[in-house]
2 protein chains.
Amino acid sequence: MRVVGDVFKALADPTRRTILDELTDRDGQTLFEICARLATKHGLGSSRQAISQHLDTLEAAGLVETRREGRYKFHYINTTPLEPIVQRWLRKGSR
Amino acid sequence: MRVVGDVFKALADPTRRTILDELTDRDGQTLFEICARLATKHGLGSSRQAISQHLDTLEAAGLVETRREGRYKFHYINTTPLEPIVQRWLRKGSR
DNA sequence: TTGACAGGCAAGTGCTCGCTTGCATAACGT
DNA sequence: ACGTTATGCAAGCGAGCACTTGCCTGTCAA
């Protein structure tokens with residue numbers, strides 16, 4: 001069962017936010033692609049297992065969806081859970 | 001120094017999100033008011049010190065601003081840091 | 001079939017976080 | 001002045017989290 005708090009917990013970690021940045025820049029990357037580009041472009045030295053667990057967390061929150069193809073697993077960002085999150089407090093406050 | 005990650009960390013805890021709900025419903029409450037209304041309306045049995053620390057976290061993130069008046073300290077919600085947070089990934093992905 | 005490649009599973013570790021506990025400070029009423 | 005009310009500060013504890021380590025499964029090319 002997926003709850004709202006999972007989205008916030010997934011966004012709490014800076015590495016996971018950078019992963020979402022990467023998938024925003026180039027959608028549908030594999031695990032190894034993400035590892036390589038995080039190291040080069042963002043200067044993060046996270047291991048493969050660490051990033052794999054981060055992707056699991058993001059997938060559990062519904063922010064990342066995956067597609068298997070042979071021995072490759074492609075990761076796609078899904079921004080659907082993002083919008084209603086903040087609107088919760090913006091409705092009455094803004095305008 | 002206030003960083004972007006503080007906002008996400010502040011939103012990661014369900015109790016702090018409920019506090020923001022309460023301040024959205026009635027802005028400018030004191031610490032004891034928030035404690036009482038969290039207990040009655042939301043069924044949360046958090047102690048005074050716990051909520052005080054949560055308010056410190058929210059204030060450090062810029063989501064809550066305070067105003068001293070005598071022995072009372074009023075807490076006001078500030079939704080300004082909220083909007084640019086999610087827009088970061090919604091730009092390219094949605095629409 | 002053998003080896004290399006892409007990814008998964010699970011136990012253990014160190015650190016952070018939420019919460020408690022206990023005492024301290026400051027403002028107000030009487 | 002005294003007690004009460006509203007809040008602050010700081011050390012300590014237990015649970016959760018990010019990360020590592022080690023091994024295992026499945027896929028493809030030669």
Side-chain angles (χ1 to χ4, degrees), chain A residues 2-23 26 28-39 42-61 63-76, chain B residues 1-23 26 28-40 42-61 63-76:
Chain A
R2 181 175 304 160
V3 278
V4 194
D6 293 345
V7 182
F8 290 104
K9 281 190 179 178
L11 293 176
D13 188 79
T15 303
R16 284 194 287 268
R17 293 196 297 269
T18 309
I19 291 178
L20 291 183
D21 290 337
E22 248 308 304
L23 290 180
R26 173 189 282 203
Q29 295 190 52
T30 69
L31 172 60
F32 272 52
E33 281 183 275
I34 298 176
C35 288
R37 299 185 54 143
L38 283 187
H42 305 270
L44 296 184
S46 304
S47 71
R48 176 184 64 88
Q49 293 84 348
I51 296 186
S52 176
Q53 292 171 357
H54 282 311
L55 287 172
D56 289 342
T57 304
L58 289 170
E59 191 173 3
L63 292 170
V64 159
E65 294 176 347
T66 60
R67 183 171 57 91
R68 263 260 177 214
E69 193 162 336
R71 58 176 163 177
Y72 299 105
K73 187 180 185 183
F74 302 100
H75 301 79
Y76 301 90
Chain B
M1 185 65 176
R2 182 175 301 162
V3 279
V4 194
D6 293 344
V7 182
F8 291 104
K9 282 191 178 179
L11 293 176
D13 187 79
T15 303
R16 284 194 287 266
R17 294 196 297 270
T18 310
I19 291 177
L20 290 183
D21 289 337
E22 249 306 305
L23 289 180
R26 174 189 282 205
Q29 296 189 52
T30 70
L31 172 60
F32 271 54
E33 282 182 275
I34 298 175
C35 287
R37 300 184 55 141
L38 282 187
T40 61
H42 305 270
L44 295 185
S46 304
S47 72
R48 175 184 64 87
Q49 292 85 348
I51 297 186
S52 175
Q53 291 171 357
H54 282 310
L55 287 172
D56 288 342
T57 305
L58 289 170
E59 191 174 3
L63 291 170
V64 159
E65 295 175 347
T66 59
R67 183 171 58 90
R68 264 261 176 213
E69 193 162 337
R71 57 176 163 177
Y72 299 105
K73 187 180 184 182
F74 301 101
H75 300 80
Y76 300 90

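Within every chain, numbering begins at 1; the chains are lettered A, B, ... in the order of the sequence lines, protein sequences first and strands thereafter. Keep in mind that what you see is a predicted model, and the values were worked out from it rather than measured.
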A.B. asks: Could I get the full list of salt bridge (Lys or Arg N to Asp or Glu O under 4.0 Å) partners for Asp56(A), not counting sequence neighbours?
C.D. replies: none
A.B. asks: Check Lys9(A) against Arg16(A) and note the closest heavy-atom contact, atom names and distance.
C.D. replies: O-NH2, 3.0 Å
A.B. asks: What donor-acceptor contacts under 3.5 angstrom involve side-chain atoms of residues 42-52 of chain A, with partners at least two apart or in another chain?
C.D. replies:
from     : atom 1 : to       : atom 2 : distance (Å)
His42(A) : NE2    : Glu22(A) : OE2    : 3.4
Ser47(A) : OG     : Ala50(A) : N      : 3.2

A.B. asks: Who are the side chain to side chain contact (heavy atoms under 4.5 Å, CB included) partners of Phe74(A), not counting sequence neighbours?
C.D. replies: Thr30(A), Arg67(A), Glu69(A), Tyr72(A), Tyr76(A)
A.B. asks: What pairs with Val3(A) under side chain to side chain contact (heavy atoms under 4.5 Å, CB included), at least two apart in sequence or on another chain?
C.D. replies: Asp6(A)
A.B. asks: For nucleotides 8-10 of chain C, print each protein N/O atom paired with a nucleotide N/O atom at under 3.5 Å, atom names and distance only.
C.D. replies:
from   : atom 1 : to       : atom 2 : distance (Å)
dG8(C) : OP1    : Lys73(A) : NZ     : 2.8
dG8(C) : N7     : Arg48(A) : NH1    : 3.3
dG8(C) : O6     : Arg48(A) : NH2    : 2.9

A.B. asks: Mind checking what makes side chain to side chain contact (heavy atoms under 4.5 Å, CB included) contact with Gln53(B), not counting sequence neighbours?
C.D. replies: none
A.B. asks: Just to verify, what does Arg68(B) make a salt bridge (Lys or Arg N to Asp or Glu O under 4.0 Å) with, not counting sequence neighbours?
C.D. replies: none
A.B. asks: Just to verify, what does Glu65(B) make a salt bridge (Lys or Arg N to Asp or Glu O under 4.0 Å) with, not counting sequence neighbours?
C.D. replies: none
A.B. asks: Tell me what Ser46(B) touches on the nucleic acid: a base, only sugar-phosphate, or nothing, going by heavy atoms under 4.0 Å.
C.D. replies: nothing
A.B. asks: When you list every nucleotide of DNA chain D with an atom under 4.0 Å from a heavy atom of chain B, which one comes first 5' to 3', and which comes last?
C.D. replies: dT5(D) to dA10(D)
A.B. asks: Does OP1 or OP2 of dT20(C) have a side-chain N or O of Ser47(B) closer than 4.0 Å?
C.D. replies: yes
A.B. asks: Rounded to whole angstrom units, what separation is found between the CG atom of Leu55(A) and the C1' atom of dA6(C)?
C.D. replies: 13 Å
A.B. asks: Check the distance between dC28(C)'s C1' and Phe32(B)'s CZ and give it to me in whole angstrom.
C.D. replies: 14 Å
A.B. asks: If only side-chain N and O atoms of His54(B) are considered, is one of them under 4.0 Å from the OP1 or OP2 phosphate oxygen of dC17(C)?
C.D. replies: no
